[in-house]
There are 2 protein chains.
Amino acid sequence: MFLSTTTNNLDAKGRISVPSDFRAVVGDGGFDGIVVWPSFDGDYLEGGGIALLENYMRSLETMDHYDEGRMALQRAIFAESRKLAFDGGGRVTLPRELADYAGLNGTATFVGLGPRFEIWNSKKYESHIGDVRRLARENRNRLVSLKRAGGQA
Amino acid sequence: MFLSTTTNNLDAKGRISVPSDFRAVVGDGGFDGIVVWPSFDGDYLEGGGIALLENYMRSLETMDHYDEGRMALQRAIFAESRKLAFDGGGRVTLPRELADYAGLNGTATFVGLGPRFEIWNSKKYESHIGDVRRLARENRNRLVSLKRAGGQA
DNA sequence: TTGTATCCCATAAATTCCCATGTTATCCCA
DNA sequence: TGGGATAACATGGGAATTTATGGGATACAA
């Protein structure tokens, strides 16, 4: 599970350290790295381990072959995804088109969201997170009912 | 279940002993430690075992993927949480931003609340607990009716 | 060649691990 | 039911390891 938020440097070669917590999560799937694609919800990147993409593939298989949504998801996620391997220091090299899409320069912010994570321009994320906190507070009552449904600690 | 209230020292390295009762509770989920995040409700921290976050994750997955509130909750909870592993002595290192958020220095107070717990600035908690007692007294009748409706105790 | 992608090495800072110690709680046995 | 032995806990300090990060050197391709 991807947790927490970390801001790391993006160097002149396009390299960035993946937070060590995140590296520990993606140790499965036989690929030592992460998978990243441009979000279709905004100008940031989404990513996860290879296992996440395999899950997506399995759920797509349950959808109708000519379902518009299915095809859109396939194109938006699979076609746009890049496999990024870790170097000896736990970094990946972010292809320029991905960095450009998310407006990344100097630093980038990894945001853990449970099963997947996002990579944001650090400044944009800071201005975005305020709204998120407000919305979360407004929706807190829905989480309380989840707590009741959800078992032990 | 997290019970009782304990005040422990927060040392210069940001380390603090997790009460041994609490450590016994979080032995599940394959992670030997706790998860802590800043409360939505005030300047203190909330925490629990990794299993609590996994429940949140499962429950959020049952909600509509494009629900604004769902996404806000996901961002606010997972992105703000930190996994804190126990050291050999049963302590965790509290990241500076969490300690700052809760105004912790010198000591901190762990408050067991059943499925989760809170971490407070000890002084603040002492002044807070007075209000809590008053509220509990005012709501005593509601607890009695619960007892009649429910099972034991 | 020129830009790009890999790989290797170096280093400062942060984090984790390990050991020591005083204190408190628990156990055991006469 | 007194202790006294034993174990568990909270806590401090230092050593060892891991991280994050920068800078070459090398190989490849446009």
Side-chain angles (χ1 to χ4, degrees), chain A residues 2-27 31-36 45 47 81-101 104-112 117 119-122 125, chain B residues 2-27 30-36 47 50 81-100 104-112 117 119-122 125:
Chain A
F2 298 103
L3 293 180
S4 89
T5 301
T6 310
T7 296
N8 285 339
N9 283 28
L10 184 64
D11 71 16
K13 294 181 179 178
R15 296 178 301 185
I16 188 167
S17 288
V18 176
S20 65
D21 292 356
F22 287 22
R23 297 205 295 269
V25 175
V26 299
F31 169 62
D32 192 32
I34 57 178
V35 180
V36 177
L45 309 177
S81 290
R82 305 290 299 263
K83 271 165 79 171
L84 308 179
F86 298 139
D87 71 9
R91 291 176 291 194
V92 295
T93 299
L94 220 44
R96 188 171 311 276
E97 68 266 23
L98 287 181
D100 286 350
Y101 180 87
L104 305 180
N105 52 1
T107 67
T109 300
F110 287 82
V111 184
F117 60 83
I119 305 175
W120 284 72
N121 172 298
S122 306
Y125 184 71
Chain B
F2 299 104
L3 293 178
S4 87
T5 300
T6 311
T7 296
N8 285 339
N9 282 31
L10 184 65
D11 71 17
K13 292 183 181 178
R15 294 180 301 186
I16 188 166
S17 288
V18 176
S20 65
D21 293 357
F22 287 23
R23 296 205 296 270
V25 175
V26 298
F31 169 63
D32 192 33
I34 57 177
V35 180
V36 177
I50 193 86
S81 294
R82 304 290 301 258
K83 269 164 83 168
L84 308 180
F86 297 137
D87 70 9
R91 290 175 292 193
V92 295
T93 300
L94 220 44
R96 190 173 317 273
E97 67 267 23
L98 287 181
D100 286 350
L104 305 180
N105 51 1
T107 67
T109 300
F110 287 81
V111 185
F117 60 84
I119 306 175
W120 284 74
N121 172 299
S122 305
Y125 184 69

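Convention: sequence-line order gives letters A, B, ...; per-chain numbering from 1. These numbers were taken from a predicted model, which means no experiment stands behind them.
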Is a donor-acceptor contact shorter than 3.5 angstrom present between the side chain of Arg96(A) and the base of dG3(C)? no

Among dT16(C), dC8(C), dA10(D), the one nearest any side-chain atom of Asn8(B) is dA10(D)

Is a donor-acceptor contact shorter than 3.5 angstrom present between the side chain of Lys13(B) and the base of dG14(D)? yes

Quickly work out the Leu10(B) CG to dG12(D) P distance and round it to whole Å. 10 Å

Can a side chain N or O of Asn9(A) be found less than 4.0 Å away from OP1 or OP2 on dA20(D)? no

More 5' along DNA chain C: Arg82(B) or Pro95(A), using each one's nearest nucleotide? Pro95(A)

Classify the angle between the aromatic ring planes of Phe117(A) and Phe2(A) as parallel (below 30°), tilted (30 to 60°) or perpendicular (above 60°). perpendicular

Applying a 4.0 Å non-hydrogen cut-off, can you work out what Gly89(B) is touching in the nucleic acid: base, sugar-phosphate, or nothing? base

Scanning both residues in full, the closest heavy-atom pair of Asp21(A) with Ser4(A) reads OD2-OG, 4.4 Å

Students often get this wrong, so: under 4.0 angstrom with heavy atoms, is Ser17(B) touching a base, only sugar-phosphate, or nothing? base

Would you mind classifying the nucleic acid contact of Asp87(B) as base, sugar-phosphate or nothing, using non-hydrogen atoms under 4.0 angstrom? nothing

Short side-chain N/O contact to dA10(D) OP1/OP2 from Arg23(B), under 4.0 Å: yes

Tell me what Val18(B) touches on the nucleic acid: a base, only sugar-phosphate, or nothing, going by heavy atoms under 4.0 Å. sugar-phosphate

Arg96(B): which of Leu98(B), Thr93(B), Asp100(B), Leu94(B) passes side-chain contact (heavy atoms from CB on, under 4.5 Å): Asp100(B)

Using the rule side-chain contact (heavy atoms from CB on, under 4.5 Å), only one of Arg15(A), Arg23(A), Lys13(A) pairs with Arg91(A); which is it? Arg15(A)

